[in-house]
Each structure stands twice: as structure tokens, then as C-alpha cells.
2 protein chains.
Amino acid sequence: MSAAPTQERERADARRNRERILCATARLVERVGIDCFSMDDVAAEAGVGKGTLYRRFGDKSSLIRALISEPEQAFQESLIRGEAPLGPGAAPAERLHAFGDGLLAFLDRHVIYMQSAERFGAVDRYRHPVYAFYRTHVALLLRQAIGDAASTDYLVDALLGPLGPEPFAYQRDARGMSLDEIRAGWHTLCDAVLASSR
Amino acid sequence: MSAAPTQERERADARRNRERILCATARLVERVGIDCFSMDDVAAEAGVGKGTLYRRFGDKSSLIRALISEPEQAFQESLIRGEAPLGPGAAPAERLHAFGDGLLAFLDRHVIYMQSAERFGAVDRYRHPVYAFYRTHVALLLRQAIGDAASTDYLVDALLGPLGPEPFAYQRDARGMSLDEIRAGWHTLCDAVLASSR
DNA sequence: GACTATAGCGGACTACGGTCCGCTTGTGTC
DNA sequence: GACACAAGCGGACCGTAGTCCGCTATAGTC
């Protein structure tokens, strides 16, 4: 429970309250489930005022995302500096497949948080900085793999589409697909796209 | 402004109020823009109580969707009974392309409503009956075109993904793509998927 | 240790979506 | 036309996300 100081200097009470809030939120999620607690509940559980909550986390969406910020940042880190095939060193096509596997594994664990955060979020998934990050990554790999065609940019979004929280949750929970089936499906899609410009 | 009686018998005052509400909503949307009015505003503008609003439309999402229910139903109708290539009579692959064009044209006109409805909706896009309808349609065409493989079902979702309100709005408004560029991109994706199993 | 500027705090307040329930009005029956 | 009854109505009410601003605690300075 730390979720990045981010600032150059953090006052002691601020730090204490940030941790309190994150712990309280995690406790509430475990006790009553995600989506079954209000921001007032969090404030009460943490023993802070609502103003403090919003000063630190902006909105409910950010608070929920903060709960999974560590694994999310770790995944992003491993894309840039991790070991091949997720990180640099492998062939672009191979890295692309590894990226899909990695993101699907991440979703399989954290999708409830992602969905909840999205429900309360002011910006949709596509406008979120994290999407821009993934987009850049996939665009680079795709261009390396199949070169630069008019529709390459579009195909990036097409590949990222099924890796969003809603489609994933739909496939897994509503359609009852296993993680392996979803993975296999995405690899088929990925191969189709990779083959399209060759 | 009618949006389907749906029931076997509708009382006169109920009908009158339904029309009032729909007209008032349309007027508000035009005056202040979508998302800039509350349900209280609608009730006041229509001259009815809030209870009436919710009795007829369930929630804000449904109210907004009701505004575009006529063109939406017309589009669905043309998929089933319309002229080829959108309706029956053309080759599956051709119908698939026509479906994408048609849905993108629909989105281009109504995406603001779709997004707003989704923001307030209790169920996400994938759980909405309309998605199930499109899904069945595309699944049928895809199976006719490339046969039944393990991942065919997944590819249906992959094809429908970029035809959602959020990705469309992102591509058009945030990325500045023209409708033609988006169309071309989807056709590329569609062709890639169609070629994948041949 | 006293002083000060300010980052941080807290909770009353607002706006909004949605519910509830007693009252009204339309409709079908005689 | 009178009656009964149910479909429909309306607005007070509730819970929740998010704001605002006067007050407090902290961290540097001397």
C-alpha cells in the first residue's frame, strides 16, 4: 500500500492519510465487494474527511485504479525493460503475442477493478493515458512487423479492442470462455492482422 | 416521436405524456446539448412528474436511447429484410462489409446519443440486447463465409469491437479520422479476418 | 522553542439519478 | 350516467459523487 509518492515532498500527515485511505478501501472491497461501498464509507473507514479523499484521489475512479497501480505499472515496466519476449530482444510478432498474453493475464486478475473504475470514470478507456501507452507500444511493434500501411493505425485499435475490461469480462463471465480460449482467440486475430499485409 | 407503443393497450394520458417527454428531451438536447440536462429538467420541460419519467423510461440511458430507437430499428430491419447487400441475397463476405458500412454510418450520425446512453446505463454495451442482435447477425455471416473454426466466435467480437460508440468516437473525434478512413480500416480488419481461415 | 506561511484537512453543502407511495384519472361494466 | 378498480401520476424523499472554504497541523526559519 503505497501507490507512488509522485511528489517531491510529501507532508507526514498527507502520507499517513494516503495510506490510511488505500488500506481502508482495500479492506472495504474485501469485506463488501467492489461497487458496494460509497466514498463516505471509505472516508469513515479511513477516519478522514471526504475532502481529504478527493484531494488525494480526485474521484472514485482514480481511487479504485490506485489499488491496482502497482501491478499495472509493473506490467508497463516489463514491456519496456523486461525480459524477452515481453520486453525488447524478441521479434516484433513474438512480442506482440506476448503483450496480448500478458495483458489478458493482468485482466484476468484485475478486471473487476478496471470495470468498476471505468464505471465511475469521467474519461473513457480510450482517452485514458494507459490506453495511449499501450497504443504506442502496439503501434511500434505492428509497424516493425508488417511495415507502414494506411490502415496500420486502425489495426492497432482493433487489436487493443478485445483487450479492454468490458469485452474481456463479457467473454469470460457472460460467454463463459476460459482464459486459454480468450488467449487463443486473440492470437488468431493477431495472426490474421499480421498476415494481412504480407 | 413515438418510439413504439410496445404494449397491447395504452391509456390516453400515458400516450400523451410519453410523447411530451420525448419531445421535451429532444428539445433540451437541441438547446443545451446532450449530457447537460438532468432528469428533473426533462420532467419540468415536459410538464410531468419525475415518477412519470421513470415509469415510462426506466432510467436516463433508456430515455436517451429512445430518441434514436426509430433509426436503430430501421437499421436492424434492413439487415433482416432489406435489400442486398445489407439484407439477404448477397454473398456473406459482401454482406459483412455492408454491415460495417451501415453501422459506421449509423454511428456517425448518432454516436453522441449512444455514448451518453452508455454513460448512464446500468448494463454495458456487450450485455445490451442490441449487441446480441448484431452478434448473431455477424456470427452467421462469418460462419457462412469462413466456416466454423474454434476461434470464429471470438472473431465476431473482434469485428464488432471497433463498431462500438467509444472506439468510434475516439477514432473520429480524438484521432481526427474521417468516416472514410474508419470505414477503410474496418474493411481491412474484416478482410484480414475473412482471409485468416482460408 | 516561537513564528509564519502554506499544504493539508474535514464536513456541511449541492446536484443529480433513482425510488416510493398516496392521490388522480381513464376505462370498461352495468 | 354512476361505479369500481386499476393504470398512471407526481413530487417528497433517499443515497451518492463531488465541491467549497474556514480551520488546523506541519515544516522550514531564526
Side-chain angles (χ1 to χ4, degrees), chain A residues 3 5-25 28-29 32-67 115-124, chain B residues 3 5-25 28-29 32-67 115-124:
Chain A
T6 325
Q7 291 155 262
E8 60 277 353
R9 196 83 177 91
E10 192 182 29
R11 243 170 65 170
D13 52 348
R15 176 184 180 83
R16 191 194 59 216
N17 282 333
R18 202 194 58 225
E19 308 238 319
R20 270 190 193 173
I21 290 168
L22 282 171
C23 290
T25 310
L28 278 173
V29 168
V32 302
I34 202 142
D35 281 355
C36 288
F37 60 89
S38 67
M39 291 298 264
D40 292 84
D41 292 339
V42 176
E45 175 80 22
V48 302
K50 271 185 88 172
T52 308
L53 219 55
Y54 280 95
R55 155 169 285 266
R56 314 280 334 160
F57 293 100
D59 59 12
K60 195 171 186 179
S61 174
S62 304
L63 175 60
I64 293 169
R65 275 201 101 97
L67 291 175
Q115 277 195 288
S116 181
E118 207 146 296
R119 235 190 308 287
F120 291 106
V123 298
D124 67 43
Chain B
T6 324
Q7 290 155 259
E8 59 279 352
R9 196 86 177 88
E10 191 181 31
R11 242 171 64 170
D13 53 347
R15 177 184 180 82
R16 190 193 61 215
N17 281 334
R18 202 194 58 225
E19 307 239 320
R20 271 191 193 173
I21 290 168
L22 281 171
C23 290
T25 311
L28 278 173
V29 168
V32 302
I34 202 141
D35 280 356
C36 288
F37 61 89
S38 68
M39 290 300 264
D40 291 86
D41 293 337
V42 176
E45 175 81 20
V48 302
K50 270 184 90 171
T52 308
L53 220 56
Y54 280 95
R55 154 170 286 266
R56 315 280 331 163
F57 293 99
D59 59 12
K60 194 171 185 178
S61 174
S62 305
L63 175 59
I64 293 169
R65 276 202 100 99
L67 291 175
Q115 277 193 287
S116 182
E118 207 146 295
R119 235 189 309 286
F120 291 106
V123 298
D124 67 43

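Source: prediction; values computed, not measured. Throughout, protein chains are lettered first and strands after them, A, B, ... in sequence-line order, and every chain is numbered starting at 1.
Side-chain atoms of Arg11(A) stay outside donor-acceptor range of the base of dA27(D), with no qualifying N/O pair under 3.5 Å. No N or O donor and acceptor, one from the side chain of Lys60(A) and one from the base of dG18(D), sit under 3.5 Å apart.
Residues Ile34(B) and Ser116(B) come closest through the heavy atom pair CG1-OG, 3.5 Å. Taking all atoms of both residues into account, the shortest heavy-atom contact from Phe57(B) to Ala66(B) is CE2-CB, 3.8 Å.
Between Asn17(A) and dG8(C), a side-chain N or O to OP1/OP2 separation shorter than 4.0 Å is absent.
Look at CZ on Arg56(B): it is 6 Å from P on dC9(D), rounded to the nearest Å. A straight line from CZ of Arg55(A) to P of dG8(C) spans 6 Å, rounded to a whole angstrom. For the pair Arg20(B) CZ and dG10(D) P, the computed distance is 8 Å after rounding to whole Å. Regarding Leu63(A), its CG atom lies at a distance of 13 Å from the C1' atom of dG18(D), rounded to whole Å. Atom-to-atom, CZ of Phe120(A) to P of dC16(C) comes out at 18 Å; the value is rounded to the nearest Å. Atoms CG (Asp35(A)) and P (dA17(D)) sit 10 Å apart, rounded to a whole Å. Between Tyr54(B) atom OH and dC14(D) atom P the separation is 17 Å, expressed in whole Å. Straight-line distance from the CZ atom of Arg16(A) to the C1' atom of dT24(D): 12 Å, rounded to whole Å.
Base engagement by Thr52(A) is indicated by at least one non-hydrogen atom pair under 4.0 Å involving a base atom.
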* Chi angles and distances behind the side chain to side chain donor-acceptor pair (under 3.5 Å) call for Asn17(A), Thr52(A) -> CA-CA 8 Å; Asn17(A) 282 333; Thr52(A) 308; 5.1 Å; no

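Atoms CG and OG1, from Leu63(B) and Thr25(B) in turn, are 4.0 Å apart once rounded to the nearest 0.5 Å.
Annotation: of the two residues near DNA chain D, Asp13(B) and Asp59(A), the 5′-most nearest-nucleotide partner is Asp13(B). Sequence order on DNA chain D of the closest nucleotides to Gly51(A) and Asp41(A) puts Asp41(A) first from the 5' end.
In this structure, Lys60(A) fails the cation-pi test against Tyr54(A), since its NZ or CZ atom is not both closer than 6.0 Å to the six-membered ring centre and inside 45 degrees of the ring normal.
Distances were taken from every side-chain heavy atom of Val48(A) (C-beta onward) to each of dT19(C), dC9(D), dG10(C); the shortest belongs to dG10(C).
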